[in-house]
Amino acid sequence: MSSPALECIDVSKTYVIGKDIEVKALKNVSLKIQRGDFVSIVGPSGSGKSTLLHMAGTLDRPTYGRVMVDGVDVTKLSENELSAFRKNKIGFIFQFFNLLRNLSAIENVMLPMLLSKRYTVKEARLKAVYLSKLVGFPEDRLKNTPNKLSGGQQQKVAIARALANNPAYILADEPTGNLDVSSSAEIIATFKLLSSFGNTIIIVTHNVELARVTNRILFMKDGHIFEEAPRSFLERIPMEEESIKLKKKIQLDLLNMERENVERLFKSRLMSGETYDRALKSIDEKELVIKQ
Ligand code: ADP
Ligand code: MG
């Protein structure tokens, strides 16, 4: 049995905001998110959603309790270890996209791959093109900088970027919060597609439509977390059979690129045998989900 993508064990977070004044933002939260889960976190403002997301993103440490990402206890890692770990293990998506303004769309997607040093420029560029196709970003805009893109297009770039290093999961904080209705619908459809390909996705949202397409809804209130009964994908977003077929092909091509990449790294001794075996196994698992 492989470890969950994310596990919070009895996590509490207390902010000290003044002499003898404390805010208990999270209270003994325990939570398991399995690989392939598509989760939304909803709840009133101030209930602790962002705090939980910060824990899941290893951006902040709990006051008590443990956070396990892909089987690794991140509460035991040093700041340096954590920053490297975070870059390769977690994909972030924000309400205001947070793209680098001076880089083109494709360069924004390539950057995390180049920083990880796992990809050559050529590999990173090819993978970025495929990721952009996967999320439905228009190919003729790849060289545009963010200010020459619509909000929906910028968010697609951000999603492609979040996928770049094959994260254990994607964390999104209000990803449709700054989008019009039709762009929101496209982004929702994109998340749903990515989920059907086995990606693990965790989204904080006020968007009811978005929460509805996820298969787990976690409700936060006053620092506690409650789970709604598991649900199936009852709410369907229509998608053309042809489009799904094409996207499947793109996703399978991406996995083949990944295979070639780890083979190159292993052969040039940049990757240990153990990591190589694990990477191949994970690629095979993903392929199985897509071919189902
Ligand atoms: P949500 O995202 O659900 O609106 P948050 O996780 O942002 O809730 O906040 C939960 C509680 O913790 C709130 O009472 C908030 O004021 C408090 N809080 C959040 N971040 C901080 C911080 N950095 N310092 C002090 N208090 C904070
Ligand atoms: Mg918040």
Side-chain angles (χ1 to χ4, degrees), residues 2-16 23-41 43 47-100 108-109 111-119 158-175 191 194-195 198-205 214 216 218 220 223-225 275 278-279 282:
S2 53
S3 41
L6 170 68
E7 187 170 10
C8 294
I9 306 165
D10 203 23
V11 167
S12 294
K13 177 71 182 180
T14 304
Y15 294 108
V16 180
V23 178
K24 292 187 169 149
L26 293 178
K27 298 169 184 167
N28 311 92
V29 169
S30 289
L31 170 69
K32 254 188 217 175
I33 291 181
Q34 302 296 348
R35 291 180 200 189
D37 272 357
F38 186 20
V39 184
S40 52
I41 301 172
S47 57
K49 305 183 297 294
S50 293
T51 305
L52 183 62
L53 217 61
H54 289 156
M55 301 299 145
T58 74
L59 297 165
D60 202 355
R61 291 171 187 277
T63 314
Y64 300 101
R66 292 194 295 152
V67 178
M68 317 278 294
V69 177
D70 219 3
V72 176
D73 185 346
V74 295
T75 42
K76 288 193 175 139
L77 299 183
S78 71
E79 286 308 315
N80 279 340
E81 288 168 325
L82 214 47
S83 110
F85 183 87
R86 187 184 305 131
K87 277 184 205 132
N88 296 315
K89 279 288 184 181
I90 301 166
F92 292 94
I93 296 164
F94 305 92
Q95 179 172 358
F96 297 102
F97 326 126
N98 296 24
L99 301 176
L100 292 179
N108 266 285
V109 182
L111 188 65
M113 291 186 257
L114 297 177
L115 291 177
S116 80
K117 301 207 168 74
R118 268 188 59 168
Y119 298 85
I159 297 173
R161 177 180 63 178
L163 290 166
N165 285 333
N166 318 313
Y169 46 82
I170 285 179
L171 293 177
D173 201 351
E174 292 289 358
F191 280 127
L194 295 173
S195 159
N199 291 288
T200 312
I201 305 171
I202 306 168
I203 306 174
V204 165
T205 188
T214 61
R216 278 179 77 185
L218 303 174
M220 288 212 70
H224 292 286
I225 200 154
T275 312
R278 220 175 325 120
S282 141

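- Between Asp60 and Met55, the closest heavy-atom pair is O-SD, 3.6 Å.
- Taking every heavy atom of both residues into account, Gly91 and Pro167 meet most closely at N-CB, 3.5 Å.
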Given Thr214 and Val39, is the side-chain contact (heavy atoms from CB on, under 4.5 Å) satisfied, shown in steps? CA-CA 6 Å; Thr214 61; Val39 184; 5.9 Å; no
Between Arg61 and Glu79, does a side-chain contact (heavy atoms from CB on, under 4.5 Å) hold up when you go through it step by step? CA-CA 10 Å; Arg61 291 171 187 277; Glu79 286 308 315; 2.9 Å; yes
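- In this structure, CG on Leu53 lies 9.0 Å from CZ on Phe94, to the nearest 0.5 angstrom.
- Looking only at side-chain heavy atoms (C-beta outward), Leu52 and Lys13 stay at 4.5 Å or farther from each other.
- When all heavy atoms are compared, the tightest approach of Phe92 to Leu59 is CE2-CD1, 3.8 Å.
- The pair Asp173-Lys49 does not count as a salt bridge, with every side-chain nitrogen at least 4.0 angstrom from each carboxylate oxygen.
- Once rounded to the nearest 0.5 Å, the distance linking CD1 of Ile225 with CG of Leu218 reads 4.5 Å.
- With hydrogens and angles ignored, the 3.5 Å screen pairs no side-chain donor or acceptor of Ser195 with any backbone N or O of Phe38.
- In this structure, Arg86 and Val74 have side chains that are not in contact, with every pair of non-hydrogen atoms separated by 4.5 Å or more.
- For the atom pair CD1 (Ile93) and CD1 (Ile202), the distance works out to 11.5 Å, reported to the nearest 0.5 Å.
- Between the CG atom in Leu194 and the CD1 atom in Ile159 there is a gap of 6.5 Å [rounded to 0.5 Å].
- Scanning all heavy atoms of the two residues, the minimum distance from Ser40 to Thr205 falls at CB-CG2, 4.3 Å.
- Using a 4.5 Å heavy-atom threshold, the side chains of Glu7 and Leu31 count as separate.
- Using a 4.5 Å cut-off on side-chain heavy atoms (C-beta onward), Asn165 and Arg118 make no contact.
- Annotation: side chain of Asn98 is in contact with side chain of Arg161 (closest heavy-atom distance under 4.5 Å).
- In terms of modelled atom types and a separation under 3.5 Å, the side chain of Thr200 and the main chain of Gly36 share a donor-acceptor contact.
- The shortest distance between side-chain heavy atoms of Val69 and Tyr169 falls below 4.5 Å.
- Across Met113 and Ser116, no two heavy atoms sit closer than the pair O-OG, 2.8 Å.
- Pro112 and Ala164 get closest at one heavy-atom pair: CG-CB, 4.1 Å.
- The distance from the CG atom of Leu6 to the NZ atom of Lys89 is 12.5 Å, given to the nearest 0.5 Å.
- Tested against Pro175 for a side chain to side chain contact (heavy atoms under 4.5 Å, CB included), the candidates Val204, Ile203, Ile170 yield a single pass: Ile203.
- Heavy-atom neighbours of Lys27 NZ from other residues, nucleotides or ligands within 6.0 Å: above the threshold of 12.
- A 4.5 Å side-chain heavy-atom check between Val67 and Thr58 finds every atom pair outside the cut-off.
- Other residues, nucleotides and ligands contribute more than 12 heavy atoms inside 6.0 Å of the OH atom of Tyr15.
- To the nearest 0.5 angstrom, His224 atom NE2 is 11.5 Å from Ser47 atom OG.
- Side-chain contact check for Asp10 versus Ser30: some heavy-atom pair is nearer than 4.5 Å.
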